[in-house]
Amino acid sequence: MNENNNLNDVSGIGQIGCSLIERVSELCGWLYNNNPKVMARNSFIEDVKKSNLPIDEKTILISNANRITKEYYNQKTILSVAVEHLKESSRPADVDITWISQFMDKARLVSTEQAQVIWGKLLAEECNNPTTVPKSLLFILEQMDGEDARAFTEVCSCTVCFSCKDDESYNPIIH
């Protein structure tokens, strides 16, 4: 155990200890100094303090800095995934601005790695083929949790064969 009981000093506490501190910081907003998110948060707070915003707006932004920083990193991760999946023929400029606004508003709350990959690929698909991802899908995905996604995947994996005498063509039940 860390002898000086200073939780800001994470040296010597090991991987599991660091994992616990990370988890607590995610859930409770407590942050330790060596975390890149802390540095981003602190930089954000300093920028807000130096801004010309009214004092009440500064107070609101500073008090919500942990949430804002987490939401930013969620969006940034999703955007990074999308960039990796863009095609040479991609047309991001053709994506409807309302679609992008709604997408990013929902993306800020997507915090699991698996979900971020899905959302990133969805953004890439819309950029690769504008108007192919309906806004209604964004609302549906926003409501789904991991268990719903697994159940949906299982249903989609069920296939039926129509007129399968010669070509053995199977189609998903939900096409």
Side-chain angles (χ1 to χ4, degrees), residues 10 15 18-53 57-157 174:
V10 294
Q15 182 72 27
C18 285
S19 295
L20 174 60
I21 291 171
E22 285 278 348
R23 187 68 178 146
V24 170
S25 70
E26 286 176 22
L27 297 175
C28 301
W30 178 79
L31 299 168
Y32 61 95
N33 293 332
N34 295 330
N35 184 329
K37 290 180 183 176
V38 173
M39 291 185 276
R41 178 190 158 273
N42 291 344
S43 176
F44 173 77
I45 289 172
E46 284 305 311
D47 288 346
V48 169
K49 285 179 180 177
K50 293 175 185 174
S51 73
N52 293 327
L53 294 171
E57 288 182 32
K58 286 182 181 183
T59 304
I60 291 167
L61 287 172
I62 290 171
S63 67
N64 288 308
N66 291 336
R67 180 184 52 80
I68 292 167
T69 304
K70 176 67 176 162
E71 290 173 357
Y72 167 80
Y73 275 96
N74 290 343
Q75 292 169 323
K76 181 181 177 194
T77 301
I78 291 168
L79 190 56
S80 296
V81 170
V83 167
E84 292 173 14
H85 290 89
L86 292 176
K87 297 178 181 175
E88 289 291 325
S89 61
S90 182
R91 302 183 323 268
D94 293 345
V95 177
D96 179 62
I97 192 70
T98 304
W99 189 96
I100 291 174
S101 294
Q102 290 177 358
F103 179 90
M104 293 306 285
D105 184 53
K106 292 167 185 357
R108 69 187 170 82
L109 302 175
V110 178
S111 58
T112 65
E113 186 177 333
Q114 286 179 319
Q116 288 172 338
V117 169
I118 292 168
W119 280 77
K121 288 180 178 181
L122 189 69
L123 176 57
E125 178 60 28
E126 183 64 14
C127 291
N128 291 333
N129 302 297
T131 71
T132 58
V133 180
K135 291 178 198 171
S136 58
L137 180 59
L138 302 179
F139 293 107
I140 292 168
L141 287 177
E142 177 185 34
Q143 300 302 314
M144 292 181 81
D145 60 16
E147 188 176 324
D148 293 336
R150 281 188 289 283
F152 183 72
T153 301
E154 280 189 42
V155 168
C156 289
S157 69
I174 299 174

Enquirer: Output the distance between atom CG (Asn128) and atom CD (Glu88), rounded to the nearest 0.5 Å.
Expert: 10.5 Å
Enquirer: Taking Trp119 for the side chain and Lys106 for the main chain, is one N or O donor matched with an acceptor at less than 3.5 Å?
Expert: no
Enquirer: Roughly how far, to the nearest 0.5 Å, is CD1 of Ile78 from OH of Tyr73?
Expert: 15.0 Å
Enquirer: Rounded at 0.5 Å granularity, tell me how far OG in Ser136 sits from CD in Gln102.
Expert: 10.0 Å
Enquirer: Would you mind reporting whether Leu138 and Leu122 have side-chain heavy atoms less than 4.5 Å apart?
Expert: yes
Enquirer: Would you check if Val133 and Phe103 make a side-chain contact, meaning some heavy-atom pair closer than 4.5 Å?
Expert: no
Enquirer: Under the side-chain hydrogen bond (donor to acceptor under 3.5 Å, both in side chains) definition, can you give me all pairs with a residue in residues 43-52, not counting sequence neighbours?
Expert: none
Enquirer: How would you list, by chain and number, every residue that makes a side-chain contact (heavy atoms from CB on, under 4.5 Å) with Leu61, sequence neighbours excluded?
Expert: Phe44, Val48, Leu53, Ile68
Enquirer: Does some side-chain heavy atom of Leu141 sit less than 4.5 Å from a side-chain heavy atom of Val110?
Expert: no
Enquirer: When you look at Leu123 and Leu79, which way does the side chain to side chain contact (heavy atoms under 4.5 Å, CB included) test go after all the steps?
Expert: CA-CA 8 Å; Leu123 176 57; Leu79 190 56; 3.9 Å; yes
Enquirer: To the nearest 0.5 Å, tell me how far Asn129 CG sits from Lys87 NZ.
Expert: 5.5 Å
Enquirer: How close do Ala82 and Ala124 get, heavy atom to heavy atom, and via which atoms?
Expert: O-CB, 3.5 Å
Enquirer: Supply the atom-to-atom distance Cys127 SG to Trp99 CH2, rounded to the nearest 0.5 angstrom.
Expert: 7.0 Å
Enquirer: For the residue pair Ser111 and Asn74, what are the closest heavy atoms and their distance?
Expert: CA-OD1, 3.7 Å
Enquirer: With rounding to the nearest 0.5 angstrom, report the CG to CE distance, Leu137 to Met144.
Expert: 9.0 Å
Enquirer: Work out which heavy atom in Ala107 is nearest to a heavy atom in Gln75; give both atom names and the distance.
Expert: C-CG, 4.1 Å
Enquirer: Suppose the criterion is salt bridge (charged side-chain N to carboxylate O under 4.0 Å, His left out): which pairs have a residue in residues 111-137, not counting sequence neighbours?
Expert: Asp96-Lys135
